[in-house]
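The next block holds one structure in the form of structure tokens; read it before the comments.
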2 protein chains.
Amino acid sequence: MAMAKITMRDVAKYAGVSVATVSNVLNHNDHKTTEATRNKVFSAVNKLNYKMDMTARTLSKGKSNLIGIFMPQVYENNMPGTILKENPYYSEIISGIEYSARMLGYDILIACIGSAEQAIELTDKRMLDGIAILGGYEEVFWDKVYTLEVPIVTIDSYNHERKGVINVGIDDEFGAYLATKHLLSLGHTNIAIGTAILDYSPVNQQRYKGFISAITQEGIDIKDCLVIEEEVSIKGGINVGYRLIKDHKDVTAIFIVADIMAYGLMKTLHQFGKNVPDDISIIGFDDLSFSNYTIPALTTVRQDIYTKGIEISKLLIGRIEGNMELSDSIVMPVSVVIRETTKQKK
Amino acid sequence: MAMAKITMRDVAKYAGVSVATVSNVLNHNDHKTTEATRNKVFSAVNKLNYKMDMTARTLSKGKSNLIGIFMPQVYENNMPGTILKENPYYSEIISGIEYSARMLGYDILIACIGSAEQAIELTDKRMLDGIAILGGYEEVFWDKVYTLEVPIVTIDSYNHERKGVINVGIDDEFGAYLATKHLLSLGHTNIAIGTAILDYSPVNQQRYKGFISAITQEGIDIKDCLVIEEEVSIKGGINVGYRLIKDHKDVTAIFIVADIMAYGLMKTLHQFGKNVPDDISIIGFDDLSFSNYTIPALTTVRQDIYTKGIEISKLLIGRIEGNMELSDSIVMPVSVVIRETTKQKK
DNA sequence: CTGAAAGCGCTTACAG
DNA sequence: CTGAAAGCGCTTACAG
């Protein structure tokens with residue numbers, strides 16, 4: 001039953017040429033072959049339904065055409081999980097990375113990693129041509145990962161420059177500024193911010209800066225603004241809600257740094273009988289595809305997550321292939337999309 | 001800068017043994033080596049920080065320890081996307097597959113595929129040891145894919161048996177039966193079902209059967225029940241809502257076959273000023289992690305998606321490794337979780 | 001332009 | 001128990 005595998009040898013024999021020539025034809029080293037030879041080879045390939053063995057090619061070229069997408073292994077309720085499962089942001093971005101990589105001739109290996117060592121090991125043992133790293137990690141993680149000699153692209157990182165790593169990010173500060181401006185323009189003055197733990201999140205430090213600029217620019221004392229730091233997840237958003245309800249009945253608007261947190265926040269506010277946006281206006285960040293469908297629909301800062309994924313592959317592969325023009329870090333645009341969770345202050 | 005790669009040769013030399021012996025030690029062919037030899041080898045491995053080159057190993061063993069997760073390439077608004085991005089069901093299941101595979105020593109390659117040929121090509125060229133196929137496809141797709149000689153596990157398939165392929169599924173019929181029973185127990189008699197296009201979805205044919213059983217058992221004429229067929233997505237759910245609003249003001253409860261559709265349905269009903277559950281009760285299917293946080297929280301049929309992913313890897317790898325005891329198709333349990341979208345009929 | 005040969009880093013009979 | 005050698009299916013100088 002198991003048919004013998006068709007190799008280049010078979011193709012070579014069938015076409016009446018050498019294995020080296022088949023290789024040259026298939027690798028489009030056209031200056032090394034004549035058209036007649038190429039035709040013979042291609043027709044043999046079709047006839048025999050030959051498929052290149054990427055494993056052999058990888059071993060011999062030292063290049064796998066495989067890129068790794070690494071993301072943090074997380075635990076909730078003691079169950080191992082992944083950021084993939086927790087936050088649709090990652091599904092959307094991976095979707096873009098995969099599509100674009102495939103178009104460029106690369107396959108995707110995904111893995112959740114608990115340490116830099118795991119990332120390094122996988123990269124080495126699978127001979128990955130490059131890796132994209134999703135999620136936030138501590139400084140020491142990056143120090144280790146950066147010893148890898150393959151191209152790396154980080155996403156939303158703020159400390160890549162020192163190592164010459166490429167990053168695909170957005171203007172977090174400006175996005176937060178716009179969000180806060182929007183709240184301000186609606187007449188709100190008692191505005192809170194719901195954010196990730198700032199000490200651990202450079203991204204959110206940027207967003208907080210944007211928040212401060214807008215607030216300060218309006219002549220409001222930033223010290224009067226409530227800052228609530230919680231985990232970036234639905235549960236984190238729920239907690240933001242509790243803390244808001246508990247002591248701060250005077251807050252009329254909140255900028256919350258992730259749509260996923262906004263979902264949790266809305267849930268808590270609803271539980272406590274608060275109406276959004278009548279009692280409190282909310283603006284999120286990300287514009288996850290679901291945000292258009294919450295009730296009420298979430299006003300948020302939009303970033304084009306899928307396109308971000310596409311750019312990640314383009315840059316990473318650009319660098320892998322030595323195309324340095326394509327290999328600079330990029331900052332993608334943000335904009336606010338106004339839906340139903342923000343409203344003029346009463 | 002680029003350090004020379006450490007290979008088995010280096011380890012062998014350092015340990016003062018042959019490459020074959022290193023290989024035997026590392027592959028735990030313990031009956032072929034003495035403890036003393038093993039110790040020498042392991043300490044050389046540590047000393048040199050040797051990492052097995054999986055590419056070489058794959059080529060030589062014909063086994064990659066790589067498994068493929070394939071899912072459909074979809075398009076929305078002419079943009080290429082993936083089911084990953086559209087439906088959290090897939091993120092959750094992939095999360096489980098990845099975790100379990102990793103624990104068992106396998107890595108994961110993901111790819112969106114537009115045809116059976118792509119699946120076959122990837123499997124061949126990457127020498128995948130086995131594949132998990134997510135999503136629904138036409139008969140002809142399966143006919144082609146089943147020519148592959150590696151183990152395959154399908155998810156929620158109803159036509160795998162003829163080919164001896166393993167499947168991980170749930171009791172769709174029973175789940176739907178329970179859902180409908182729940183609605184019935186609340187006094188509803190005019191119950192609709194929102195489903196995928198039945199002709200294309202064996203899974204939903206099963207669910208429809210469960211719906212029919214419950215309805216019929218109650219003495220209600222199934223012909224009086226509204227059946228609305230739409231795509232499984234938020235947009236599909238929105239359309240279910242439109243169609244429900246348009247002509248069927250007498251329906252007081254609906255069973256909708258996917259939580260993701262329920263989200264869209266709730267959105268439409270809200271837009272038209274219908275209150276859930278006061279005006280209409282909704283029960284979904286899946287229990288996506290977000291379903292606990294919709295407003296109101298969604299009553300639904302729970303399946304443990306993450307665990308399903310874990311089982312998929314276990315079965316697939318079990319079969320890859322020839323452990324046939326572990327290799328039967330399994331049907332995982334379902335249960336209804338009552339939250340806030342269903343209510344006693346007024 | 002084409003081919004013979006060595007090499008990529010492993011594994012696996014086979015001899016000893 | 002250990003090692004020399006062939007082989008997995010490619011690519012890549014090198015000769016011709």
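Heavy-atom basis, side chains included; hydrogens, waters and symmetry copies ignored.
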Exercise. Is there a donor-acceptor contact under 3.5 Å from the side chain of A:Asp10 to the main chain of A:Thr7?
Worked result: yes
Problem set entry | Where protein sits on nucleotides 5-16 of chain D, one letter per nucleotide: B base, S sugar-phosphate only, - none, heavy atoms under 4.0 Å | --BBBBBB----
Exercise. Taking all atoms of both residues into account, what is the closest heavy-atom pair of B:Cys112 and B:Gln118, and its distance?
Worked result: O-OE1, 3.9 Å
Exercise. For DNA chain C, what dot-bracket results from Watson-Crick or G-U pairs at under 3.5 Å, with [ ] for crossers and | for inter-strand partners?
Worked result: |||.||||||||.|||
Exercise. Between the main-chain N or O of B:Thr33 and the side-chain N or O of B:Asn24, is there a donor-acceptor pair closer than 3.5 Å?
Worked result: no
Exercise. Base, sugar-phosphate, or nothing for A:Thr37, non-hydrogen atoms under 4.0 angstrom?
Worked result: sugar-phosphate
Exercise. Any salt bridge between B:Glu311 and B:Lys308, counting N to O under 4.0 Å?
Worked result: no
Exercise. Does a nitrogen or oxygen in the side chain of B:Ser18 sit under 4.0 Å from OP1 or OP2 of D:dT2?
Worked result: no
Problem set entry | Within 45° cone and under 6.0 Å: A:Lys85 NZ/CZ vs B:Tyr306 ring | yes
Exercise. When you check the phosphate oxygens OP1 and OP2 of C:dT2, does a side-chain N or O of A:Thr34 lie under 4.0 Å from one of them?
Worked result: yes
Problem set entry | Expected output: side-chain B:Asp129 to main-chain B:Ile67 donor-acceptor under 3.5 Å | no
Exercise. Do side-chain atoms of B:Asn87 reach the backbone of B:Ile83 as a donor and acceptor pair under 3.5 angstrom?
Worked result: no
